[in-house]
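For the numbers below, each heavy atom of this structure counts, side chains included, while hydrogens, waters and symmetry mates do not. To find a chain, count down the sequence lines: A is the first, B the second, and so on, and within it residues start at 1.
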Amino acid sequence: MPSSTDFLAHLNPSQRRAVEHYCGPLLVVAGAGSGKTRALAYRIANLVLTHKVDPENILAVTFTNKAAREMKERIERLFAEREAIAKHNKPLEALAPYEQTKIKSYVYKTFTKDLWIGTFHALCGRMLRFDIEKYQPPSGYPKWNRNFSIFDESDAQTLVKDIIASRNYDDKKFDPRSVRYAISNAKNQGQSPADVEREQSNYRGRVIADVYQEYQKRLAENNALDFDDLILLPVQLFRQNEQVLAYWHKRFRHILVDEYQDTNRTQYDLLRLLVTNGENTRQFNDWSYRSIFVVGDADQSIYSFRAADFRILLEFQADFGDSLPDDDTRTMVKLEENYRSTANILEAANYLIENNTERIEKVLRPTRGSGESIYIYCADDEIDEAQFVVNQIRHLEMNNPELTWGSFAVLYRTNAQSRAIEEILVRFGLPFTIVGGLRFYDRKEVKDVLAYLRAIANPADSVSIKRIINTPKRGIGKSTIDRLEQVAAQTGVPLWEVIQDETSVQTLAGRSAKPVIAFAQMLQTWQNEMDSMPTSQLVQKVLEDSGYVADLKAQGTDEAEDRLGNVQELLNAVLQFEEENEETNLTMFLANASLASDLDKTTEGQDKISLMTLHSSKGLEFPVVFLVGVEQGLFPNFRSLEDPAALEEERRLCYVGITRAKERLFITHARERRLYGSREPASPSLFLAELPPELVLSNRAGAVPKKMATPIRAVKAKRAESDLPNTHETDWKVGEKVIHRTFGPGQVTHIFGAGNKICLAIKFPGLGQKIIDPKLTSLEKVQS
DNA sequence: AGACGCAAGGTTTTT
DNA sequence: CCTTGCGTCT
């Protein structure tokens, strides 16, 4: 009979140390591709299996919903495998489907159901559904209740804009975006409006504090929270209510946090409160049956603009640990073995990140062969760049049977850069998908339907009511809405109650009274029905009763057709949510929808070329990666050029990009780029100069003697490929001697491909074998 | 109340 | 260049 800890055998010593950690603090410094997700999943399994920890006592924080889902699946699989062996002495997949299902449902009921795994926001939202009514808001604010709405960024933005307008602040001086940003920042540092005013005691500080305070009051009046509140409110609640804190402290004895470098102050405060039960002592040391286990990589901290602070990671040992130096400490483990990328790619990444000052010393150790060189392509402009990328993809896909479209990723600094690439991909008819961009839940029609649902679940949500009161058109105009709202504000009665009162509506709305009353009645009917039918059924009813779908159908345009499709997709999302979760209700679905992101949908198995920003690529990996637009001012972005800390963050972003590649990495930059319409000259990014030259091939002048750096220009000149010298299969013979402009003399050992789509394997004395495409690199034949 | 036209502004964005 | 938002016109 295999022991319950058999799975530990596959781990390297560092991973094993991490996974076997039981009580006390542990910082796992995990480089890219070092198996950290695995370590997290295994440790959770090990806590339950070896240390008999009740799953209820485990809290695991991930950075995306997708990561949470994958973690759950991984743990479920681990348990199921073990269960299969224990019960039937066979691996899981050797069992009949019926037995497999039985085991999986047993595993779910006894282990994974009670684990709390999710993002900070999802987990805090869940805690608040229990305890938000115990929170005492500042005086003058109404209390929140468990049906609270979650306002997304655009809701928040609109609210700030309204407030700035209503208080007659100059919106030139106080751009709603930057004010919203300042408020968000304050919340993420745990600062109240008063704190903001104290810290910034000039006019601007006073205005921001004033808007912040009013903003918070309006959120309370709408029984709504923004993303930041989801974390901040539990922190404040824990500080004001010992019993509530004690409950959660006792419950979550083992806390695990992934991507710890991206934690902000408020999230840190939350963790600290949960771990220490609010003890003030700097050195908390009652670690019986308790642990805090964080995993992160300061070199991959790329969200400081969202108030993430990787110094929290750097300070972990001072906060929770023994503060001993690296070699002696028992509270830090480094995972440095990389299982993802070739040695060349890793060396380039290591070499680049060495240029940063603020970091924990760490190198990625390769476990694989050296692989291909990194190729840097200097393009004429963004169109040439896109052509190069697409040509390379077609060429590689054709000549490497193991590569499919899904093996390729194109990564860029800004979303706008996807355009040029898209156009060329469309022209060649290649399948691709753009990850990120406009979220499904941000589409107008989806937001409309969600606003209906929010208004039903949370009548206090006036923002949602205003959104839908005249959508579709019911003849309720702006002036009517303004009047109703004014009365609501002046009498302190929520908008929802004002429109419920027929006599008030009659006097206020005049001609529009009828439709307002009809709307209010419709809303009330839905509210009464909400608990007596499944959410999916309610949604269907709302879509019909409201006339929303009928209105879209009546429009009959292509756009309306698209929107109908999205509305249908939303209904599918409700159905799927009901299937995946045992007990669901409207509020739970809405919370889920508010916290969902475009990055959560799985792209695996789609077999499409992925286009995304560098930020979105974190945590992913691809056999072939193209890093495009690597130019000074674009990447690093011009806003970072003056600020050393910001520049280091850009460098980490570059590091993230490089380490996404498993087999091959291409980096491109253009001499000239269209920017807001005009053509701007562009120069290569300083990061290019920070890559080890001996690992890089390039068509650029400067990297090599000038006169030889020409062959790619020939492609540019629209010459047929067959016209290029020495690019056809028949031009080459195994054993031929050549001179490469970077590697020097070498000998051809293999010819791959056929016709003019070929690659040569060339052995360079002292450098080993490299695979070279004669179309991309100048090779001089040596007569022997 | 709604459509249309012009002006302004445009890093990244897990939640 | 392209999107978004606001203001004016009907």
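- Heavy atoms of A:A596 sit under 4.0 angstrom from primed sugar atoms or phosphate atoms, though from no base atom.
- In this structure, the CD atom of A:Q157 is 14 Å from the C1' atom of B:dG10, given to the nearest Å.
- For A:E259 and B:dT14, the CD to P distance is 14 Å, given to the nearest whole Å.
- Distance A:E649 CD to B:dT12 C1': 9 Å, rounded to the nearest Å.
- Within a 6.0 Å radius of CD in A:E680, more than 12 heavy atoms belonging to other residues, nucleotides or ligands are found.
- Comparing A:N65 and A:S640 against DNA chain B, the residue whose closest nucleotide sits nearer the 5' end is A:S640.
- Under the 6.0 Å distance and 45° angle rule, A:R359 does not count as a cation-pi partner of A:F310.
- Among the atoms of the strands shown, base atoms are found under 4.0 Å from some heavy atom of A:E650.
- B:dT13 and C:dT4: their P atoms are spaced 15 Å apart (whole Å).
- If you take CG of A:L675 and P of B:dT11, they are 9 Å apart, rounded to a whole angstrom.
- Minimum atom distance to the side chain of A:R639 is reached by B:dT11, of the listed B:dT11, B:dT12, B:dT14.
- With values rounded to the nearest 0.5 angstrom, A:K187 atom NZ is found 3.0 Å from A:D229 atom CG.
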Please walk me through it: do A:N147 and A:N458 pass side-chain hydrogen bond (donor to acceptor under 3.5 Å, both in side chains)?
-> CA-CA 6 Å; A:N147 290 321; A:N458 175 25; over 6 Å; no
Whether each nucleotide of nucleotides 2-8 of chain C has a protein heavy atom under 4.0 Å at its base (B), only at its sugar-phosphate (S) or at neither (-) is summarised, 5' to 3', as SS--S--
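- With its glycosidic angle more than 90° from 0, B:dT12 is assigned anti.
- The shortest distance between the side-chain N/O atoms of A:T613 and the OP1/OP2 oxygens of B:dT13 is below 4.0 Å.
- Among B:dT14, B:dT12, C:dC1, the nucleotide with an atom closest to any side-chain atom of A:T64 is B:dT14.
- The side chain of A:N470 sits closest to B:dG2 out of B:dG2, B:dT13, B:dT11.
- Rounding to whole angstrom units, CG of residue A:L614 and C1' of B:dT14 are separated by 15 Å.
- The local environment of CZ in A:R679 is crowded, with over 12 non-hydrogen atoms from other residues, nucleotides or ligands closer than 6.0 Å.
- Using a 4.0 Å heavy-atom cutoff across all strands shown, A:D262 reaches at least one base atom of the nucleic acid.
- Using a 4.0 Å heavy-atom cutoff across all strands shown, A:K473 reaches sugar-phosphate atoms only and no base atom.
- The CD atom of A:E631 sits 17 Å away from the C1' atom of B:dT12 (whole-angstrom rounding).
- A donor N or O paired with an acceptor N or O is found under 3.5 Å between the base of B:dT13 and the side-chain atoms of A:R306.
- At least one test fails for A:R652 against the ring of A:Y655: distance under 6.0 Å to the centre or angle within 45° of the axis.
- A distance of 9.5 Å separates CD in A:Q576 from CG in A:N581, rounded to the nearest 0.5 Å.
- Atoms CG (A:D175) and C1' (B:dA8) sit 12 Å apart, rounded to a whole Å.
- In this structure, A:A416 and A:A122 both approach DNA chain B, and ranking their closest nucleotides by distance from the 5' end singles out A:A416.
- The separation of B:dT12 from C:dG5, taken at their P atoms, amounts to 16 Å, rounded to a whole angstrom.
- Between A:F252 and A:W248, the two ring planes are parallel [angle under 30°; tilted spans 30° to 60°].
- Taking atom CD of residue A:Q417 and atom P of nucleotide B:dT13, one finds them 11 Å apart after rounding to whole Å.
- Stacking annotation: A:F305 is not stacked on the base of B:dT11 (requires ring centroids less than 5.5 angstrom apart and an interplanar angle below 30 degrees).
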